[in-house]
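To start, the structure itself, in structure tokens.
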Amino acid sequence: MIASDRPLRIGVACYPTFGGSGAVAADLACALAARGHEVHVISYATPVRFEPGPGLTFHEVDVSSYPLFKFPPYEMALSSRLSDVALRHGLDVIHAHYAVPHSVAAYLAREIVGRERLRVVTTLHGTDITLIGSDPAYRPMTRFALRRSDAVTAVSEYLRDETRRVVCDDCRIRVIGNFVDAERFHPRLRGAGRARYARPAEKLLVHASNFRPVKRVADVVKIFALTARALPARLVMAGEGPERATAERVAAELGVADRVSFVGAVSDVERLLANADAFLLPSDGESFGLAALEALACGTPVVGARAGGLPEVVTDGVDGVLEAVGACEAMAARLVDLLRAPEAWARAGAAGRAKVERFFRSELVVPVYEAVYREALAD
Ligand code: GMT
């Protein structure tokens, strides 16, 4: 196969739901199409961040049910659809986001089409390794699919090392961090629409996630409650997920329910992040922390846990605060100090924004993925 500078035909297999891997996959698909490539997104529903445009096509995976199936075989339907799209559109590469089951399905599609015509790149996002891929029920298949991928990337050094430790010690894995549209997520949005979320005298704290246990949303509420004892503040919880009831219960127990708003999925999340005085992400195993990066891009300091890949995104004492997992008192105490020192707060916001511009802008990161595709094609 010849890797030239010609535009590529790229298939993107991903989850469509709210969540980091789907967001990265959809943003990358849109950015690649904007750079002249032909991009085909394949999933069971249109990804949340998918913006239709020239060069972009969505293909739905239809999983038929049958009385015999206790578990409809999604991987088979996905592999069939991937191979079908690859053959019909002459795909060069399938980029599988989130190993389980996308890398396995992409491998099977390549077996159908032939490696001389199609290559597979897998991007590991986090829980596909730390929770699912490392589970003995899935590990042999995950390891096999990573070994058979033409290239594997991970979103942080932490995740690369975890993957080698728990799934595949001999896999070659390249680190490519998450990226952000630094024009969309921008400090200039601060001010506009702030009144929707907080009163002028209140500090606005924000959390956004899929409310899974790893996010420790109870800690989010505890950090807020401790902060709100020291100064007027309000907490906005964006997103939806299984731990929402826990967050509501803790807010009621701590007597702050009247200052905590659950706003569900927010379409203009950049406005919310830019108007926040701090973004809270105390997760116990964030492989990267895309939402934290988006907050930094908006000039908003991040308060989180020194765990997983978050220290590769947030620099403690420079653009945010990192403390041990569960150390809510320490996080809140340092946050209060920061909120009471407007110059230090502004310095932290500017530092975060500068870091994004220097390392994490989509214009810098998307070409690195292109290079990975071309290397996989040349191999
Ligand atoms: O649990 C989530 O946050 C969703 C998950 C996903 O795969 O959809 O997000 C992961 O991928 C993101 C994009 O690469 C990372 O920024 C998140 O840190 C990561 N989440 C975890 O590792 C928990």
Side-chain angles (χ1 to χ4, degrees), residues 12-29 31 43-45 47-50 95-103 121-134 138 142 152-163 166-167 173-181 185 207-217 219-220 237-244 265 269 273 279-297 302 304-314 322 325 356 359-360 362 365-366 368-369:
V12 173
C14 64
Y15 284 112
T17 43
F18 278 103
S21 63
V24 169
D27 286 350
L28 180 60
S43 189
Y44 61 81
V48 172
R49 289 213 194 173
F50 182 84
H95 190 167
H97 289 265
Y98 205 93
V100 184
H102 299 118
S103 60
V121 172
T122 296
T123 288
L124 307 171
H125 283 273
T127 50
D128 47 351
I129 293 298
T130 55
L131 293 180
I132 312 296
S134 55
Y138 300 104
T142 307
V152 178
T153 80
V155 298
S156 62
E157 290 177 15
Y158 158 79
L159 184 58
R160 175 198 60 199
D161 297 346
E162 273 303 285
T163 308
V166 296
V167 175
I173 302 169
R174 182 158 179 179
V175 174
I176 307 178
N178 289 172
F179 59 90
V180 61
D181 177 344
F185 292 86
H207 171 79
S209 78
N210 46 26
F211 290 46
R212 289 200 228 140
V214 68
K215 305 291 175 184
R216 295 181 70 97
V217 291
D219 283 7
V220 172
M237 303 280 280
E240 201 46 76
E243 289 294 294
R244 175 178 170 158
V269 69
L273 294 174
F279 182 75
L280 308 183
L281 194 64
S283 315
D284 61 21
E286 203 63 58
S287 71
F288 184 95
L290 176 62
L293 183 69
E294 292 172 343
L296 294 181
V302 174
R306 197 180 298 111
L310 198 62
E312 296 173 49
V313 183
V314 177
L322 296 179
V325 174
V356 167
F359 298 112
F360 296 109
S362 52
V365 179
V366 173
V368 183
Y369 278 114

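Counting starts at 1 for both ligands and their atoms, in listed order. Values in this document were obtained by computation on a predicted structure and should not be read as measured data.
- Residue Leu290 touches ligand 1 through backbone and side chain together, judged by heavy-atom distances below 4.0 Å.
- Residues satisfying the salt bridge (charged side-chain N to carboxylate O under 4.0 Å, His left out) test with Glu162, not counting sequence neighbours, are Arg165.
- At a 3.5 angstrom cut-off on N or O pairs, Gly289 counts as close to ligand 1.
- Heavy-atom proximity to Ser287, at under 4.0 Å, picks out these atoms of ligand 1: 15 (C), 17 (C), 18 (O), 19 (C), 21 (C), 22 (O).
- Considering only non-hydrogen atoms, atom 3 (O) of ligand 1 lies nearest to Lys215 out of Glu162, His125, Lys215.
- Side-chain contact between Tyr158 and Leu310 is absent, with no heavy-atom pair separated by less than 4.5 Å.
- Heavy-atom separations between His97 and ligand 1 are all 4.0 Å or longer.
- Atoms of ligand 1 found under 4.0 Å from any heavy atom of Val24 (numbered from 1 in listed order, with element): 13 (C).
- Every atom of ligand 1 is numbered from 1 in the order shown, and the set under 4.0 Å from a heavy atom of Asn178 is 13 (C), 14 (O), 15 (C), 16 (O).
- Applying the salt bridge (charged side-chain N to carboxylate O under 4.0 Å, His left out) criterion to Glu240, with sequence neighbours excluded, gives Arg244.
- Residues Phe359 and Val365 are not in side-chain contact: their nearest non-hydrogen atoms beyond the backbone lie 4.5 Å or more apart.
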**Q.** Test ring-ring contact (aromatic ring centres under 6.0 Å, His included) applied to His125 and Phe288, step by step
**A.** CA-CA 8 Å; His125 283 273; Phe288 184 95; 9.9 Å; no
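- In this structure, Glu294 pairs ionically with Arg49, as a charged nitrogen and a carboxylate oxygen lie closer than 4.0 Å.
- Distances below 4.0 Å separate heavy atoms of Tyr98 from the following atoms of ligand 1: 7 (O).
- Donor-acceptor pairing under 3.5 Å is recorded for the side chains of Thr123 and Thr153.
- Below 3.5 Å of separation, one finds an N or O of Phe288 facing an N or O of ligand 1.
- For ligand 1 and Asn210, the ligand atoms under 4.0 Å from any heavy atom of the residue are 1 (O), 2 (C), 3 (O), 4 (C).
- Close contacts of ligand 1 with Gly126, meaning ligand atoms under 4.0 Å from a residue heavy atom, involve 22 (O).
- Ala292 and Phe279 make their closest contact through N-CE2, 3.9 Å (heavy atoms, listed as atom of the first residue, atom of the second, distance).
- Nearest-heavy-atom check against atom 9 (O) of ligand 1 across Ser283, Cys14, Gly20, Ala25 picks out Gly20.
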